[in-house]
There are 2 protein chains.
Amino acid sequence: MVTIKQIAELCGVSRGTVDRVLNKRGNVKPEKEKLIVEMAKKLNYRPNPAGKALAARKKHPVVGVLIASEGVHFFDDMLTTMHHAAERFSSYGMEVIWRSMKGFDAAEQCRIIDELKDKISGLIINPVNDQQVIDKINECVDNGMFVVTINNDVESSRRHCYVGSDYLQGGRTAGALLKMICPTTLKAGVLLGSLNMLGHNQRLEGFQEVMHNHPDFTLLGVAETADDDLQAYEAARSLIADNPEINAIFVVSSGGYGAARAIQAVGREDITIVAFDTIPSTIDMMKKGLIKAALYQHPHQQGRRAMQLMFDYLVNGSLPEKNAYIMRNEIRILENVAD
Amino acid sequence: MVTIKQIAELCGVSRGTVDRVLNKRGNVKPEKEKLIVEMAKKLNYRPNPAGKALAARKKHPVVGVLIASEGVHFFDDMLTTMHHAAERFSSYGMEVIWRSMKGFDAAEQCRIIDELKDKISGLIINPVNDQQVIDKINECVDNGMFVVTINNDVESSRRHCYVGSDYLQGGRTAGALLKMICPTTLKAGVLLGSLNMLGHNQRLEGFQEVMHNHPDFTLLGVAETADDDLQAYEAARSLIADNPEINAIFVVSSGGYGAARAIQAVGREDITIVAFDTIPSTIDMMKKGLIKAALYQHPHQQGRRAMQLMFDYLVNGSLPEKNAYIMRNEIRILENVAD
DNA sequence: TTGTAAGCGTTATCAC
DNA sequence: GTGATAACGCTTACAA
């Protein structure tokens with residue numbers, strides 16, 4: 001509750017001087033600086049965000065949001081919440097520019113960043129795992145942009161913060177759940193988006209790790225789906241045809257709907273499907289009893305957090321407390337999946 | 001992004017007049033009022049929370065928090081988050097007075113409210129289900145206090161908002177989960193805090209509702225524990241002694257630890273326990289494999305939401321969008337329970 | 001019934 | 001180097 005004004009009075013200087021010290025703008029005599037810093041610490045000075053926000057309005061910060069969301073329904077909830085947050089923040093003078101893309105083309109993503117970069121002071125991005133993109137992100141950071149990666153991290157970049165889910169934990173949780181709800185003998189197939197996606201691999205890793213001490217577990221096969229329900233459908237049909245003994249399918253990313261349609265098509269509703277993300281098509285299949293459980297990686301929280309980090313930095317001038325914000329994987333079954 | 005100043009200029013009046021209209025303080029000529037209201041609507045005026053917060057500092061709003069939390073570890077996480085939020089909000093000039101109590105004594109709770117009521121302008125309370133308390137809450141509301149009930153609602157009161165979990169859904173989810181992870185034959189005992197607690201009854205109701213279409217389900221008995229682990233221990237031992245065929249225990253509220261110790265003591269680790277709340281003692285028992293799953297009712301979110309509602313009202317002057325904020329019940333197993 | 005002015009805490013500009 | 005001053009949007013007390 002102590003203010004700059006109070007510190008100024010106590011130190012016998014003006015507010016401007018205190019401000020210069022606290023915001024490290026230099027041009028203050030070292031002895032005064034020391035006095036002010038110590039006084040601020042002693043009184044536990046915390047800047048008032050309301051005052052900061054008000055003063056920040058003159059800056060009109062603009063944020064770019066770039067997500068490879070087209071055709072991937074997982075991002076729908078995340079974007080809904082981000083739009084909601086953007087509207088809330090708009091009254092503080094923060095503006096958002098929205099961009100989307102389809103698929104994981106690094107060159108395309110770099111092109112869009114280039115198009116945005118001189119318009120924005122902050123970027124929220126779902127980055128493609130590619131050196132070209134990493135370089136581009138570093139370039140942005142070097143030019144003073146605040147960068148938050150979301151749902152997929154590129155650790156080797158100098159992005160300020162990452163918001164996403166715990167992929168390894170997701171795989172472990174799915175595996176452990178399957179062990180709980182399946183018969184003792186577990187013969188499972190895995191459908192995953194892409195072996196090039198770090199997160200998908202980590203989920204698979206967690207899954208296998210948990211299965212390691214299972215008395216009778218067989219991994220029948222791993223098929224890629226490109227997060228496409230049609231490909232998932234075909235892959236599931238092949239898995240079943242090639243391995244009639246299959247009794248479980250683990251869908252590592254999108255594609256749960258396709259897998260469910262497949263077991264229905266071949267009359268193998270006895271197969272237990274555990275999938276990721278509670279998108280509408282997955283919920284439909286849960287209602288039909290074809291998908292037993294889905295793991296939820298808090299898309300709303302991810303979106304809200306990313307926008308909040310942007311706001312806190314651009315409007316309130318405060319850096320993230322953590323380098324990464326990792327969401328828990330929740331287990332959803334029919335009874336607790338509905339809104 | 002339109003401000004009061006702009007509206008004033010466009011309407012050819014002063015900021016004060018616009019403020020009087022927008023905040024319904026009266027004393028404005030009807031024709032001007034109409035003009036201003038229409039202009040504000042047309043320009044989609046949204047007050048800037050930073051400006052409001054800054055001006056509100058002169059009011060020094062004080063919030064009372066009264067939770068029957070003593071001895072109930074469920075509230076630990078909730079209170080941690082509330083303290084954290086209180087610290088954040090303190091820089092906006094909002095202060096919090098903390099009070100706790102043990103057990104559900106209505107007279108005691110009223111006494112504490114009386115002690116608080118002339119010091120505070122907002123109250124967050126975990127109310128005892130009792131007419132005396134309801135009357136007291138209504139009295140507070142009538143005197144202009146903003147009241148949020150948390151974790152337990154007294155619907156017949158005129159509290160402004162409720163924050164809590166979906167008890168019926170919690171029971172249904174626990175039941176469905178038990179069906180998934182238990183053998184076909186399900187012979188279950190239930191331990192619950194108190195039959196006088198509406199929420200506990202609703203959880204039991206949801207549980208039984210789901211069991212209704214189970215091929216072979218028997219409810220062996222329901223015992224009260226007063227949310228005490230020792231009583232839960234004794235109750236579980238009795239249940240097992242009286243019904244050796246028991247293969248599952250559903251712990252509706254606190255007491256999971258006691259139940260787990262009981263099955264351990266009598267060497268009946270084959271019994272599947274599903275409990276509520278991921279408090280440390282429950283997590284311990286999950287690590288030991290004695291509790292298979294726990295339902296999580298988002299204590300952090302509950303605390304955060306309640307504090308935010310207070311802040312939004314007292315500092316920003318905005319009422320809750322909803323009458324009640326209901327949290328989902330999450331399923332936690334060993335693999336996704338840790339921090 | 002309406003306008004003016006001061007103040008909330010912070011930042012930025014400008015003059016000394 | 002430093003201090004005074006205006007500005008951000010809103011509320012409120014007081015003057016007209």
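Naming: A, B, ... by sequence-line order, numbering from 1 per chain.
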Under 4.0 Å: is that the gap between some side-chain N or O of A:Arg57 and OP1 or OP2 of D:dG9? yes
For B:Phe311 together with B:Tyr92, are the ring centres under 6.0 Å from each other? yes
On DNA chain C, check which nucleotide each of B:Gly12 and B:Ser91 is closest to and give me the residue with the more 5' one. B:Gly12
Give, ordered by number, those residues of residues 22-42 of chain A having at least one heavy-atom distance below 4.0 Å to an atom of DNA chain C; if nothing qualifies, reply none. A:Asn23, A:Arg25
Where the side chain of B:Val13 is defined as all heavy atoms beyond and including C-beta, which of C:dG3, D:dG9, C:dT11 is the nearest nucleotide? C:dG3
Closest approach to the side chain of A:Asn48, judged atom by atom: which nucleotide of D:dT11, D:dC8, C:dT10 is it? C:dT10
In whole angstroms, how far is the P atom of D:dT11 from the NZ atom of B:Lys58? 11 Å
Is the backbone N or O of A:Asp76 less than 3.5 Å from a side-chain atom of A:Thr80, with the two atoms forming a donor-acceptor pair by type? yes
Please indicate whether B:Glu87 has more than 12 foreign heavy atoms, meaning atoms of other residues, nucleotides or ligands, lying under 6.0 Å from its CD. no
Nearest nucleotide by nearest heavy atom, which residue falls closer to the 5' end of DNA chain C, A:Gln6 or A:Lys59? A:Gln6
Kindly point out which of C:dG9, D:dC10, C:dT11 is positioned nearest to the side chain of B:Pro47? D:dC10
Distance check: side-chain N/O of A:Tyr92 vs OP1/OP2 of D:dC10, anything under 4.0 Å? no
Between B:Arg20 and B:Gly16, is there a donor-acceptor pair closer than 3.5 Å when you use the side chain of the first and the backbone of the second? yes
For A:Asn316 and C:dG9, give me the distance from atom CG to atom P, rounded to whole Å. 16 Å
Side-chain N or O of B:Ser14 closer than 4.0 Å to phosphate OP1/OP2 of C:dT2: no
In this structure, how many angstroms lie between the P atom of C:dT10 and the CD atom of A:Glu9, rounded? 13 Å
Should A:Lys52 be listed as having a side-chain N or O under 4.0 Å from OP1 or OP2 of C:dT11? yes
Side chain of A:Arg15 (C-beta onward), nearest among C:dT11, C:dG7, C:dG9: C:dT11
Give me the atom names and distance for the closest heavy-atom approach of B:Pro49 to B:Asn316. O-OD1, 3.2 Å
Locate the shortest heavy-atom distance separating B:Ile120 from B:Gly64; write the atom from each residue and the value. CG2-N, 3.7 Å
Report yes if at least one side-chain N or O of A:Lys5 is closer than 4.0 Å to OP1 or OP2 of C:dC8; otherwise report no. yes
Please give, in whole Å, the distance from D:dG1 P to A:Asp19 CG? 17 Å
Please tell me whether A:Tyr296 and A:His298 form a close aromatic pair, meaning their ring centres lie under 6.0 Å apart. yes
A:Leu54 CG to C:dC8 C1', straight-line distance once rounded to whole Å: 9 Å
Check: A:Arg20 side chain, D:dG3 base, donor-acceptor under 3.5 Å: yes
